[in-house]
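Working notes, beginning with the structure itself.
In what follows, every chain begins at residue 1, and chains take the letters A, B, ... in the order their sequences are listed.
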Amino acid sequence: MKRPSAARILAIARKEFFHLRRDRLTGGMVAGIPIVMTLLFGYAINNDVRHLNTAVVDEANTSTTRALIRDAAASQVVRYTKQATNVHELEQMIAAAKISTGLYIPADFEERLAQGRKPYAQLLVDDSDPTILSAARGLTALPVPTASAGKRQQTSLEVRPLYNPERRSAVFIVPGLCGVILTLTMVLFTSIAIVRERERGNLELLITTPVQSLELMIGKIIPYILIGYVQISLIVLLGLILFDVPLRGSWSDFYASAGVFVLSILTLGLLISTAAATQFQAFQMTFMTFLPQLLLSGFMFPFEGMPQAAQYLAEIFPLTHFLRIVRGVVLRDASLSMMAADIWPLFAFFAVGMAVATLRFRKRLD
Amino acid sequence: METFAIETRELTRCFGDLVAVDHVNLKIPAGSIYGFIGPNGCGKSTTIRMLCGLLLPSDGGATVLGIDVLRDPEAIKSKIGYMTQRFSLYQDLTVRENLQFLSEIHRLPRVNRRARIQAQLERFGLQDRERQLAGTLSGGQRQRLALAAVTLHEPKLLFLDEPTSAVDPESRREFWEFLFDMVDQGTTVLVTTHFMDEAERCHLIAILDRGALVAEGSPKTLMAELPATVVEVESEVVRPVRQALIALDPVIDVAQLGSRLHVLVRPEVSQPEMFLGNVLARKELQAELRTVTPNLEDVFVMATTGRARPS
């Protein structure tokens, strides 16, 4: 095989830009998807569970129990919205979804406290929604208020958040969103790159020229590397301006890791493009690869909570590694060398993907 | 110096059970226009694609411009131009952008590029259209752009797959002028067509039928050596006359041209005019008969109905 020609690669890259300039839909998606998704995830999807509608049944009604009720409200996790007179009524209200939690303090609260007989009181929780449960669990850390300050009884562990003490979900979500949005758009754009030429009949002309497979592959992805950078800058700027998401690490580390990530997912798109026969198939395959990445990468659900097999599978996905890198760089001020364990898999994915795509693409029709 | 631009040896291509090209042997002289004539699906495009290195032969082989298509298909690609049946330039690029792109892909020297593109634009009358998107061109303009694109790198050999099927007669004539110009400069042209007037313009033609080469030669020779007599029958009652004649065993084919019939009669019949006249007289059908010189369509009909067609 002859040495690839830079002039040919640039010719293909320039041609791709011409296509993009005249394809308003794709052009709109370049800016539209990052903006819409950042706003949606930032505003609409909110995992901060606060102000759970709550009712209280206090059968003891002592100064301690009244203090406990006040403390619970001060945590902002619960908000008293309904009145109830007994436990049965609390249960009914939860079943009817009128309240999410019910605080029940038994008549023998003081006796139980004196004898150290737990539980002193109960928080009834509508755990049909797991996010409510996890939020309400936080209340178990609530100490029992006692008259003497020195004798405070700790009923649970103290939680001390390091990086997002306000527990704002935007801070958790926006860095990861960079990866999710790029995974969707980059793969979507490149997966149709070769299929489109095949469908429109251009490929028969192109493969009758001396152009080499590798030249075609590299030329095809160059414009999208730049578009990837435009998108990631948009997301980070929106995060900074609208949601006050800090970039604690360095910008150069952030852009360098984003570059490697973009390369790796672009090759995924190229792979799809060499396998799909039509643009519609390419779309289908894009979503088939996108969903597992979205679900298993650790963006939606905690990675450590997944079964072992799912974790192994997720280690293949570029998104899994980029999520770790970006959370490290953006939130924990990690340097790239600290994230090396997640950077080499991205390089490996790029190298293998590029080789397979180039070998799979035959300059023939059979 | 090579005398043949293309030589095929038992060239064969199967798609599953279908034999698309069936042991075809061709010798195409350099500097000529060679026509592939045949019905749809006869293997014209498949043959061209094998010669361009886009399809691998299932059996046999071919040498194109002295290069073996099996051994080095990529080497062929820089020396040939292939105008596909379907318009294959980028419709969302302008005329100039398309030519610019292909000139870079073919790695034309940078200093010549601009001049070469300009020359092609002028030669094919596209200089006023250079900023227009290729997708908005008319059929004739598209065809001229396609020809400008595949001749940009001055290939020695040009493959044209039904280049004129989507253009008006005026553009077709003009198109053939371009082809003759190129042949004058030493280019070899392999063209497929459905049009008999175009076939007649070729130096040599090959008639393909269901993958097999059934006739080859210059149009003139093929017409002169047609193994049949052509009788023209003119009648007021054309349809019944046709019915009567087609049923006869020595009649190969009857084609209707308005109120006339073109009847191909087997050479064994010594006096075909009298033979047909007697048949019609017996059936009391009025008609005028005269023997005419065969045309290329007769050659084509003869060649493609000569073999038994599975029903």
Side-chain angles (χ1 to χ4, degrees), chain A residues 1-28 189 192-220 222-223 278-279 358-359 361-366, chain B residues 13-15 20 45-46 48-58 69 73-94 96-110 113 133-136 145-146 149-150 152-153 155 158-159 161:
Chain A
M1 187 156 139
K2 291 185 198 130
R3 209 164 60 86
S5 139
R8 265 196 213 129
I9 292 173
L10 286 179
I12 294 166
R14 174 143 18 95
K15 175 183 81 68
E16 291 300 306
F17 267 120
F18 287 144
H19 289 314
L20 280 169
R21 208 171 66 200
R22 284 169 193 139
D23 180 358
R24 290 225 188 98
L25 182 65
T26 309
F189 292 154
I192 62 167
I194 289 167
V195 184
R196 190 183 50 204
E197 300 220 0
R198 185 169 302 161
E199 262 189 2
R200 294 186 181 173
N202 308 130
L203 204 64
E204 196 168 350
L205 174 84
L206 199 56
I207 60 178
T208 320
T209 69
V211 72
Q212 292 172 19
S213 301
L214 187 62
E215 292 168 344
L216 188 61
M217 296 296 149
I218 298 175
K220 283 269 176 197
I222 287 176
T278 62
Q279 292 196 49
T358 306
L359 291 176
F361 179 75
R362 300 233 157 259
K363 283 184 68 186
R364 282 208 301 269
L365 293 167
D366 49 1
Chain B
R13 172 71 204 207
C14 307
F15 295 104
S45 297
T46 306
I48 288 188
R49 284 172 177 167
M50 282 193 281
L51 295 175
C52 291
L54 300 184
L55 282 176
L56 279 180
S58 309
V69 290
E74 289 304 301
I76 294 174
K77 288 177 181 174
S78 56
K79 295 193 166 69
I80 59 165
Y82 170 34
M83 186 169 156
T84 52
Q85 197 167 348
R86 184 177 164 195
F87 183 66
S88 57
L89 287 153
Y90 297 97
Q91 303 208 10
D92 56 345
L93 261 58
T94 66
R96 180 175 277 279
E97 284 163 357
N98 267 300
L99 295 179
Q100 177 78 26
F101 173 64
L102 284 168
S103 73
E104 288 162 6
I105 289 297
H106 281 292
R107 303 187 70 185
L108 297 190
R110 190 180 292 271
R113 227 181 262 159
L133 296 184
T136 65
L145 172 60
V150 297
L152 198 59
H153 57 298
L158 210 50
F159 293 97
D161 197 357

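Salt bridge K220(A)/E197(A): present, at least one basic N to carboxylate O contact under 4.0 Å. Contact check on R14(A) versus E104(B) returns a salt bridge, with a Lys/Arg side-chain nitrogen under 4.0 Å from an Asp/Glu carboxylate oxygen.
With a 4.5 Å cut-off on non-hydrogen atoms, Q100(B) touches chain A through its side chain but not through its backbone. Contact of L206(A) with chain B is made through the side chain alone, with heavy-atom distances under 4.5 Å. Using a 4.5 Å cut-off between heavy atoms, T84(B) contacts chain A through its side chain alone, with no backbone atom that close. For I76(B), no part sits under 4.5 Å from any heavy atom of chain A, backbone or side chain.
Per-residue counts of heavy-atom pairs under 4.5 Å with chain B were compared for P210(A), A7(A), G219(A); the largest is that of P210(A). Heavy-atom pairs under 4.5 Å with chain A were tallied for E74(B), H106(B), E97(B); the largest tally goes to E97(B). Listed options F15(B), Y82(B), F87(B), Y90(B) were ranked by heavy-atom pairs under 4.5 angstrom with chain A; first place goes to Y90(B). Options I105(B), I80(B), T94(B) differ in how many heavy-atom pairs under 4.5 Å they form with chain A, and the most are formed by I105(B).
Formation of a donor-acceptor pair under 3.5 Å by the S58(B) side chain with backbone atoms of C14(B) is found in this model. Of the possible polar contacts, none joining the K15(A) side chain to the N98(B) backbone as a donor-acceptor pair under 3.5 Å is found. Proximity of a side-chain donor or acceptor of E215(A) to a complementary backbone N or O of S5(A) within less than 3.5 Å is detected.
Of the candidates R196(A), R22(A), R21(A), R196(A) is the only one forming a salt bridge (Lys or Arg N to Asp or Glu O under 4.0 Å) with E16(A).
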